[in-house]
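Here the structure comes first, spelled out in structure tokens, and everything after it is commentary.
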Amino acid sequence: GGGGGLDVPVPRHSVGIVIGRSGEMIKKIQNDAGVRIQFKPDDGSTPDKIAHVMGPPERCQHAAQIITDLLQNVRAGPSGPPGPGMPGPGRGRGRGQGSWGMGPPGGEMAFSVPSHKCGLVIGRGGENVKAINQQTGAFVELQRQPPPNGDPNFKLFTIRGSPQQIDHAKQLIEEKIEGPLCPVGPPMPGGPMGPFQPGPFPQGPPGAPPPHPVAGGPPPPHQYPP
């Protein structure tokens with residue numbers, strides 16, 4: 001009964017796995033390694049049961065390795081191989097973003113602001129414009145070039161973004177200058193408004209009242225002195 005041997009601890013809840021259905025697994029390990037394996041009887045007071053492996057030392061080592069591998073596989077994933085049914089990490093995260101925030105193509109409007117009010121829009125060190133950009137997601141920029149009508153008392157601002165963002169930024173600027181912004185030119189080259197109209201308003205259908213520059217908004221609180 002001598003001839004060495006090896007004791008391999010097996011957690012109680014895994015004993016069934018080592019023995020297998022009607023002893024198949026333990027038979028397979030004994031055949032593969034060329035050893036005999038018996039679980040030692042014990043009083044159930046320890047967390048592990050001891051599998052006593054009998055045979056030449058290198059074969060016992062091999063059997064111990066097979067048992068250890070078996071137990072590790074069990075620990076890795078009790079319900080079969082991980083994978084199916086588990087959504088991959090990051091799936092669906094950040095979908096549909098990317099191009100957003102750039103605004104739709106051609107989402108740009110130009111507005112003229114009375115020169116003496118420009119400081120209100122820009123703020124000290126540009127802080128007001130930055131705040132408007134952050135709040136609305138639009139991009140407001142003072143243009144160096146004079147407005148198309150060349151009036152030196154006005155400066156040209158462009159607002160880029162989606163229609164909602166442009167509208168939001170426009171409202172914030174109107175609050176700052178306490179007056180309506182005058183759109184300059186079409187929102188995009190050759191856009192829905194057609195070529196730039198030199199008249200004070202785009203000509204509406206004949207007989208229609210001229211559209212008000214601030215749709216649905218209050219009339220300008222006061223006229224600016226020329």
Side-chain angles (χ1 to χ4, degrees), residues 1-108 123 125-141 158-169 172 188:
L6 197 61
D7 286 347
V8 182
V10 177
R12 264 175 216 289
H13 58 82
S14 301
V15 168
I17 290 153
V18 176
I19 294 176
R21 195 182 302 131
S22 62
E24 282 168 18
M25 183 54 83
I26 204 158
K27 272 192 206 132
K28 180 172 168 16
I29 299 170
Q30 294 182 100
N31 291 340
D32 284 359
V35 295
R36 275 184 53 65
I37 303 171
Q38 277 179 328
F39 278 100
K40 290 186 174 178
D42 64 1
D43 57 5
S45 63
T46 57
D48 295 337
K49 259 179 104 68
I50 301 299
H52 184 60
V53 186
M54 291 158 283
E58 68 278 3
R59 291 198 178 176
C60 290
Q61 281 293 334
H62 184 55
Q65 187 61 52
I66 296 173
I67 294 172
T68 316
D69 286 352
L70 197 61
L71 296 175
Q72 277 198 309
N73 287 345
V74 173
R75 229 169 276 137
S79 58
M86 285 289 294
R91 218 179 66 197
R93 241 198 358 243
R95 251 188 25 220
Q97 295 228 323
S99 64
W100 185 242
M102 310 267 297
E108 180 172 316
E127 58 192 26
N128 289 2
V129 158
K130 273 192 205 126
I132 293 172
N133 290 349
Q134 277 172 349
Q135 248 178 298
T136 62
F139 183 69
V140 180
E141 198 176 18
T158 54
I159 308 178
R160 284 202 287 277
S162 69
Q164 293 85 348
Q165 290 169 334
I166 291 177
D167 211 49
H168 191 180
L172 294 183
M188 53 190 205

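Start at 1 with the first residue, then count along the sequence.
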Output yes when a side-chain donor or acceptor of Asn133 lies under 3.5 Å from a complementary backbone atom of Val140, and no otherwise.
yes
Enter the distance from Gln164:CD to His168:NE2 here, rounded to the nearest 0.5 Å.
11.5 Å
Could you please spell out the steps behind the side-chain contact (heavy atoms from CB on, under 4.5 Å) verdict for Arg12 and Thr46?
CA-CA 9 Å; Arg12 264 175 216 289; Thr46 57; 3.3 Å; yes
Is any side-chain heavy atom of Leu71 closer than 4.5 Å to a side-chain heavy atom of Val18?
yes
How close do Lys27 and Ser22 get, heavy atom to heavy atom, and via which atoms?
NZ-O, 4.1 Å
What heavy-atom pair brings Gln165 and Thr136 nearest, and what distance separates the two atoms?
CG-O, 3.2 Å
At their closest point, which heavy atom of Ala64 faces which heavy atom of Val8, and how far apart are they?
CB-CG2, 3.7 Å
Residue from Arg36, Arg59, Met54 passing side chain to side chain contact (heavy atoms under 4.5 Å, CB included) with Gln30:
Arg36
Is the closest side-chain heavy-atom distance between Ile67 and Ile37 below 4.5 Å?
yes
Looking only at heavy atoms, what is the nearest atom pair of Met25 and Leu70, with distance?
CG-CD2, 3.8 Å
So CD of Glu108 and OG1 of Thr158: to nearest 0.5 Å the spacing works out to 5.0 Å
What are the two closest non-hydrogen atoms of Pro9 and Asp48, and how far apart are they?
CB-OD2, 3.6 Å
Between Ser14 and Val10 (side chain of the first, backbone of the second, donor and acceptor by atom type, cut-off under 3.5 Å), is there such a pair?
no
Correct closest heavy-atom pair for Cys60 and Gly55 would be SG-O, 3.2 Å
